[in-house]
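Along the sequence shown, residues are numbered consecutively beginning with 1.
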Amino acid sequence: MRSISIFGATGSIGESTFDLLMRAGGPSAFNTIALTGARNVTRLAEMARALHADLAVTAHEEYLAELRDALAGSGIEAAAGTGAIADAADRPADWVMSAIVGAAGLVPGMRALRHGRTLALANKESLVTAGPLLMATARTHGATILPVDSEHSAVFQALTGEDVAAVERVIITASGGPFRDWPLDRLQAVTVAEAKAHPNWSMGLRISIDSASMFNKALELIETREYFGFLPDQIEVVVHPQSIVHALVGFCDGGMMAHLGPADMRHAIGFALHWPARGDVPVERLDLARIGQLCFEAPDAQRFPALRLAREVMQTGGLAGAAFNAAKEIALDHFIAGHLPFLAMAEVVETTLARLSRQNGLGNAPSSLEDVLYMDDMARRTATEAVADWQQERHVAWT
Ligand code: NDP
């Protein structure tokens with residue numbers, strides 16, 4: 001029987017993974033080693049019971065007692081803390097879903113790779129912050145990384161059986177989010193409720209807001225570079241409001257392979273679960289005649305500066321991705337808390353990168369995970385200062 005673990009089980013990707021596993025037979029088809037979550041321990045315990053997991057881990061020590069209560073009588077082991085989550089990745093699972101949100105997903109994913117596991121990678125932040133280390137770790141330990149982000153799963157599928165040397169370009173699509181048509185001045189006053197209302201996809205809060213600001217697409221540009229190794233100039237973004245075409249690969253003979261699918265993450269998760277075979281996945285089948293039109297347009301660099309910043313990060317290379325992601329996470333925290341307006345998130349990230357580049361080291365290739373975590377920490381502190389400076393300089397104008 002196949003053994004599996006889900007990191008970030010209680011999130012949007014975790015729930016979709018759980019749904020697929022339960023439909024495919026649940027505990028009679030899979031040996032569940034570990035499920036992890038953070039605050040939603042009630043749901044974590046429900047999932048652990050349903051899948052007969054060996055272990056359930058919450059990221060926060062203060063939730064351990066609640067988790068233990070919820071698991072009482074089940075025989076399922078409970079643990080807490082970031083160390084316990086990382087340790088859970090040492091347990092023997094053949095297939096590991098990496099679906100923690102943010103840079104917190106990096107260490108458990110890396111630990112799973114060191115044991116030669118198959119890592120279904122939804123946590124794009126791992127590739128953005130430590131792409132070369134992650135890919136090298138997989139190679140060294142004979143592990144497999146399967147992309148779960150819909151665009152990257154699409155590129156992966158479009159490349160199957162193709163000669164990578166014949167690829168001219170890769171195009172990933174962006175829905176354009178809820179503000180695709182909004183003029184710049186209207187974007188100044190965007191609320192969290194507006195930003196999280198994605199028109200096509202149902203996702204976690206943070207990635208939904210990142211989609212609205214295009215920071216999600218910015219992360220995905222870097223993710224494409226790190227996972228597939230294409231040059232920055234070969235990777236393009238096109239806005240496609242229907243979210244039906246997820247990516248296209250263009251070859252040297254002028255042909256393009258496009259991947260189409262419903263806006264349902266269970267397709268990409270199911271692909272990674274069944275790979276290298278194709279299994280039945282219970283998603284809607286596309287009715288192209290009903291959809292009628294597929295539209296494409298260029299992204300607006302002025303309203304969505306995150307894409308320009310991602311290109312600068314790719315040019316800088318080294319630890320710039322770690323700094324970019326950390327600064328974005330801090331800016332997003334402040335937007336969610338109501339301390340920073342929507343458009344200022346990009347300003348904070350840009351300021352952070354500028355301040356760090358002056359201190360050297362941003363473009364240095366990381367030689368270890370510690371280098372990445374050091375840059376992550378430094379960028380978080382620099383971004384927090386940049387937010388404070390922004391608030392001091394502009395607070396009156398904003399409120
Ligand atoms: P959610 O916010 O819905 O879920 C995040 C998960 O991570 C939850 O299980 C949460 O626990 C847990 N978590 C939160 N903080 C921590 C922490 N500090 N340490 C350990 N665990 C933590 O996120 P999504 O499912 O939307 O996204 C997960 C990842 O997948 C992200 O990297 C995202 O970019 C990527 N992704 C998501 C897509 C989507 O459709 N949602 C599409 C493509 C990629 P709890 O809920 O219990 O607090």
Side-chain angles (χ1 to χ4, degrees), residues 8 11-21 23 97-99 101 120-125 146-158 170-182 193-221 223-224 227 236-249 256-275 278-299 304 306-307:
S12 167
I13 293 287
E15 285 283 2
S16 294
T17 308
F18 175 77
D19 176 73
L20 290 178
L21 296 175
R23 285 169 188 262
M97 167 53 76
S98 168
V101 66
L121 189 66
N123 179 264
K124 63 192 82 187
E125 296 89 345
L146 296 170
V148 169
D149 223 344
S150 57
E151 297 76 5
H152 305 78
S153 174
V155 174
F156 187 95
Q157 294 181 51
V170 168
I171 304 174
I172 58 172
T173 62
S175 69
F179 309 135
R180 185 172 59 87
D181 298 327
W182 286 33
E194 289 168 329
K196 74 178 185 189
H198 198 281
N200 303 338
W201 295 92
S202 164
M203 305 183 287
L205 173 71
R206 298 180 73 87
I207 184 175
S208 296
I209 299 173
D210 283 350
S211 296
S213 63
M214 288 265 192
F215 266 111
N216 181 50
K217 210 49 57 181
L219 295 175
E220 288 176 9
L221 270 175
E223 186 185 4
T224 309
Y227 184 82
E236 302 168 30
V237 173
V238 69
V239 174
H240 167 50
Q242 291 88 3
S243 297
I244 298 290
V245 179
H246 302 302
L248 305 98
V249 177
M256 296 176 98
M257 296 296 288
H259 174 278
L260 285 71
D264 184 335
M265 286 307 296
R266 291 177 305 169
H267 166 70
I269 298 166
F271 178 82
L273 184 62
H274 294 290
W275 183 87
R278 288 228 182 227
D280 279 349
V281 178
V283 294
E284 180 198 345
R285 272 40 176 176
L286 293 178
D287 180 345
L288 290 175
R290 187 179 57 76
I291 293 163
Q293 284 189 323
L294 298 176
C295 307
F296 301 94
E297 60 193 60
F304 300 106
L307 297 179

May I ask you to test the Met97-Leu273 pair for a side-chain heavy-atom distance under 4.5 Å? no

I'd like to check Ile207 versus Lys124 (side-chain heavy atoms, cut-off strictly below 4.5 Å). Are they in contact? yes

Side chains of Val245 and Leu260, heavy atoms from C-beta outward: is any pair under 4.5 Å? yes

Just jot down the side chain to side chain donor-acceptor pair (under 3.5 Å) partners of Ser175, sequence neighbours excluded, or say none. His198

Donor-acceptor under 3.5 Å (Gln242 side chain, Cys295 main chain): yes

Side-chain contact test, heavy atoms from C-beta onward, threshold under 4.5 Å: evaluate it for Ile13 versus Asn123 and give yes or no. no

Val281 side chain near Asp264 side chain, heavy-atom distance below 4.5 Å: no

Can the ring centres of His267 and Trp201 be said to be less than 6.0 Å apart? no

Minimum-distance pair of heavy atoms, taken over all atoms of Pro178 and Pro199: N-CD, 3.7 Å

Regarding Ser153 and Gln157, is there a side-chain donor-to-acceptor distance under 3.5 Å anywhere? yes

Are any of the side-chain heavy atoms of Leu288 and Ile291 separated by less than 4.5 Å? yes

Looking at residues at least two apart in the chain, or sitting in another chain, which of them share a side-chain contact (heavy atoms from CB on, under 4.5 Å) with Ala174? Met214, Lys217, Val237

Is the backbone of His152 close enough, under 3.5 Å, to the side chain of Asp149 for a donor and an acceptor to pair up by distance? no

Sub-4.5 Å side-chain heavy-atom contact between Met265 and Ser12: no

